[in-house]
There are 2 protein chains.
Amino acid sequence: MSRGQQTFKLGVNTALAHLATLQPGDRLGSEAALAELLQTSRTTVRAVLKHLADIGLIEWLGRDKILRRLPDPVDFFPKPEATLPADLAEERFLEWVMRSDLAPGTVLREVEVARILSVPVPQVRELLIRFEPNGLIEKNTHKNWVLNGFTAQFATELADMRALIEGEAFARLLASQDAGILRQMAEMERLHIALLAREDAAMSEFPALDAAFHRVIFAAAQNRFFDEFAQRISLIVHYHYQWNKCDEQVRNRAALREHLQIIRACLVGDKALARQAFVTHLETARRTLVASISTR
Amino acid sequence: MSRGQQTFKLGVNTALAHLATLQPGDRLGSEAALAELLQTSRTTVRAVLKHLADIGLIEWLGRDKILRRLPDPVDFFPKPEATLPADLAEERFLEWVMRSDLAPGTVLREVEVARILSVPVPQVRELLIRFEPNGLIEKNTHKNWVLNGFTAQFATELADMRALIEGEAFARLLASQDAGILRQMAEMERLHIALLAREDAAMSEFPALDAAFHRVIFAAAQNRFFDEFAQRISLIVHYHYQWNKCDEQVRNRAALREHLQIIRACLVGDKALARQAFVTHLETARRTLVASISTR
DNA sequence: AAAATGTTCTTTATTAGTAAAGAACCGAAT
DNA sequence: ATTCGGTTCTTTACTAATAAAGAACATTTT
């Protein structure tokens with residue numbers, strides 16, 4: 001056997017979502033146009049069209065591609081089947097590590113992990129290699145992978161590194177004359193106010209906004225090494241949020257308010273205040289991260 | 001087929017080097033002791049002993065392992081065969097990239113690279129994945145690896161990041177009360193003086209000493225993220241040294257003298273001077289790196 | 001002539017199978 | 001009794017084979 005057609009299935013689902021915006025009798029664009037839309041090759045587009053014709057959604061004769069009926073929920077492939085294996089592996093791996101609360105020192109076997117996560121072995125391998133620099137796992141030459149555990153020490157070192165790098169990035173942001181940054185800040189203010197206004201449990205959108213806010217800061221450094229570290233932080237912090245739900249609402253709202261303080265100080269150009277609000281925020285973030293570990 | 005016995009061959013070579021220190025008629029230690037010495041499993045040790053007996057170097061009967069004759073140069077396996085594939089792959093890959101002077105945008109194909117470097121495909125794969133965060137290569141989903149090239153921009157970003165992190169590490173070193181650090185510094189002074197005294201072309205030892213010196217500094221931060229970045233720097237700088245040989249002697253001696261200044265300021269406890277000498281050194285390092293690119 | 005389609009050729013990702021290296025167990029010798 | 005050696009069992013790493021996905025070329029239609 002070979003690979004599992006994830007690209008094809010993802011293509012079908014994207015195509016179905018597009019077809020839902022049309023009316024029966026409408027014509028689809030050219031294969032090349034669809035390839036652009038589905039972000040894939042024409043080869044895959046043709047496979048998708050053939051599939052759509054087979055299930056009777058469209059009539060396909062040469063360059064005529066006519067929509068017969070609107071897509072039905074059952075036409076879609078289930079989400080996991082239509083996710084790229086790399087993304088799937090990462091999601092499931094992190095969730096597994098967090099949920100099963102494995103003890104530090106646990107040995108991870110590629111084949112075993114692959115079976116547990118239901119993803120191909122090479123993907124697990126790639127994932128583990130990519131993850132090693134994060135410091136959560138380690139490999140002994142010619143031996144196996146071991147879990148290092150999310151210790152207080154780890155959290156402290158991460159927070160230290162973050163303070164150093166994000167602090168520098170923020171300093172550059174303040175020094176920058178780029179109007180684009182102010183525009184992004186204004187947009188951030190809007191989004192923060194909007195999220196704070198919603199009293200409900202819509203805090204599920206918080207991690208994404210939090211990551212976006214910090215990405216704006218890191219981006220100001222215009223340095224690929226900064227950006228890379230930002231990604232790591234957001235990954236670890238994101239899964240930390242997912243894991244530690246206690247006081248979530250209170251904690252997230254506090255963070256949003258701290259963000260707003262920083263944003264507003266930037267917008268009015270009060271650099272001293274901005275700097276101070278930023279340091280405060282990083283301190284809060286550090287405390288939250290460290291606290292979440294000791295309460296495990 | 002399967003794997004290429006690198007561990008075994010490396011074991012044989014290490015064992016031969018050990019035997020060269022003995023006299024014919026001497027007895028070898030137990031299998032467990034040899035396993036400790038060769039840094040490998042007893043299974044491999046027994047394979048090595050069998051090999052040594054086969055080529056008539058030792059007589060092996062149960063627990064009696066008697067040296068028959070001293071090892072000959074021809075008994076050793078050639079170095080590349082006896083190197084762990086991961087190290088071999090890394091060495092050859094970097095050398096290949098630097099030497100063949102590939103244009104940015106060049107497509108790297110795993111199988112092709114594996115053939116060129118004469119290393120197994122999985123090793124190339126692992127190497128490329130590990131290398132991606134260094135920013136020299138990139139992967140497009142479902143497509144191939146492309147070389148980003150060692151640009152001036154890259155060098156600048158690397159130097160910026162280095163100044164930030166190593167600067168912080170050095171500040172912690174100065175603040176530290178740890179006597180171990182002073183001891184390491186004294187040892188560094190000795191090694192630097194020794195290398196500077198040798199007028200000859202023994203500068204081949206410079207990269208190792210340079211890396212060791214900076215490792216002492218990064219280690220003072222006691223932060224795994226600092227250490228990891230230090231590794232990257234040393235890797236890139238090392239290969240930059242190897243590639244750019246012009247003015248090598250002059251450049252290396254200058255660097256050694258700058259190191260000495262820093263070391264001595266630390267030893268006498270003059271923090272202001274140490275700090276200043278360190279900043280100067282980082283500036284020199286940056287200039288050297290950037291210059292080496294523009295002269296390609 | 002231009003654009004879209006049909007066809008063919010590469011390249012990549014995955015699985016299965018096999019040999020090397022590691023680990024554990026048990027019996028023998030000091 | 002304890003250390004050492006023989007044996008067996010696991011686990012890992014590599015090769016090879018195969019199907020999916022991408023890319024290029026040729027052909028057809030407007």
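Reminder, nothing fancy here: chain letters follow the sequence lines and each chain counts from 1. Every heavy atom of this structure was used, including side-chain atoms; hydrogens, water molecules and symmetry mates were not.
Mapping B:Val121 and B:Lys65 onto DNA chain D via the closest heavy atom, the residue that lands nearer the 5' end is B:Lys65. Residue whose closest nucleotide on DNA chain D sits further toward the 5' end, between B:Gly62 and A:Arg125: B:Gly62. In terms of position along DNA chain C, the nucleotide closest to B:Val107 lies nearer the 5' end than the nucleotide closest to the other residue of the pair B:Val107 and B:Thr44.
Scanning all heavy atoms of the two residues, the minimum distance from B:Leu10 to B:Thr14 falls at O-OG1, 2.7 Å. Heavy atoms only, all atoms of each residue included: B:Pro24 and B:Leu70 are closest at CD-CG, 4.2 Å.
Checked against C:dA13, D:dA13, C:dT5, the side chain of B:Glu110 finds its nearest nucleotide in C:dA13. Closest approach to the A:Thr40 side chain among C:dA24, C:dT5, D:dG22 is made by D:dG22 (side chain taken as heavy atoms from C-beta onward).
A straight line from CZ of B:Arg63 to C1' of D:dT2 spans 10 Å, rounded to a whole angstrom. Across the protein-nucleic acid pair, B:Gln5 atom CD and C:dA21 atom P stand 6 Å apart, rounded to whole Å. As rounded to whole Å, 15 Å separates atom C1' of C:dA20 from atom NZ of B:Lys50. Protein atom CZ of A:Arg46 is 17 Å distant from nucleotide atom P of D:dA24, rounded to whole Å. Here D:dT10 presents its C1' atom at 17 Å from CG of A:Leu108, a figure rounded to the nearest Å. If you take CG of A:Leu84 and P of C:dA13, they are 12 Å apart, rounded to a whole angstrom. Going from atom NE2 of B:His51 over to atom P of C:dA21 covers 13 Å, rounded to whole Å. Going from atom CD of A:Gln123 over to atom P of C:dT12 covers 15 Å, rounded to whole Å.
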Verdict with supporting geometry, B:Phe131 and B:Phe93, ring-ring contact (aromatic ring centres under 6.0 Å, His included): CA-CA 11 Å; B:Phe131 247 75; B:Phe93 176 71; 5.7 Å; yes
Given ring-ring contact (aromatic ring centres under 6.0 Å, His included), test B:Phe154 with A:Phe225 step by step and report yes or no. CA-CA 10 Å; B:Phe154 180 81; A:Phe225 300 103; 5.8 Å; yes
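Backbone-only engagement by A:Ser30 is indicated by non-hydrogen atom pairs under 4.0 Å involving sugar-phosphate atoms exclusively. Residue contacts shown for B:Lys9 are absent, as no nucleic acid heavy atom lies under 4.0 Å away. In this structure, B:Arg109 reaches the sugar-phosphate backbone alone: every heavy-atom distance under 4.0 Å involves primed, P, OP1 or OP2 atoms, never a base. Nucleic acid contact class of A:Pro120 (heavy atoms, under 4.0 Å, all strands): sugar-phosphate only.
One side chain, A:Trp145 or A:Glu110, offers a donor N or O that lies under 3.5 Å from an acceptor on the other.
Put simply, the side chain of B:Thr43 and the base of C:dA20 share no donor and acceptor less than 3.5 Å apart.
Proximity of A:Ser41 to the phosphate of D:dA23: no side-chain N or O atom is located under 4.0 Å from OP1 or OP2.
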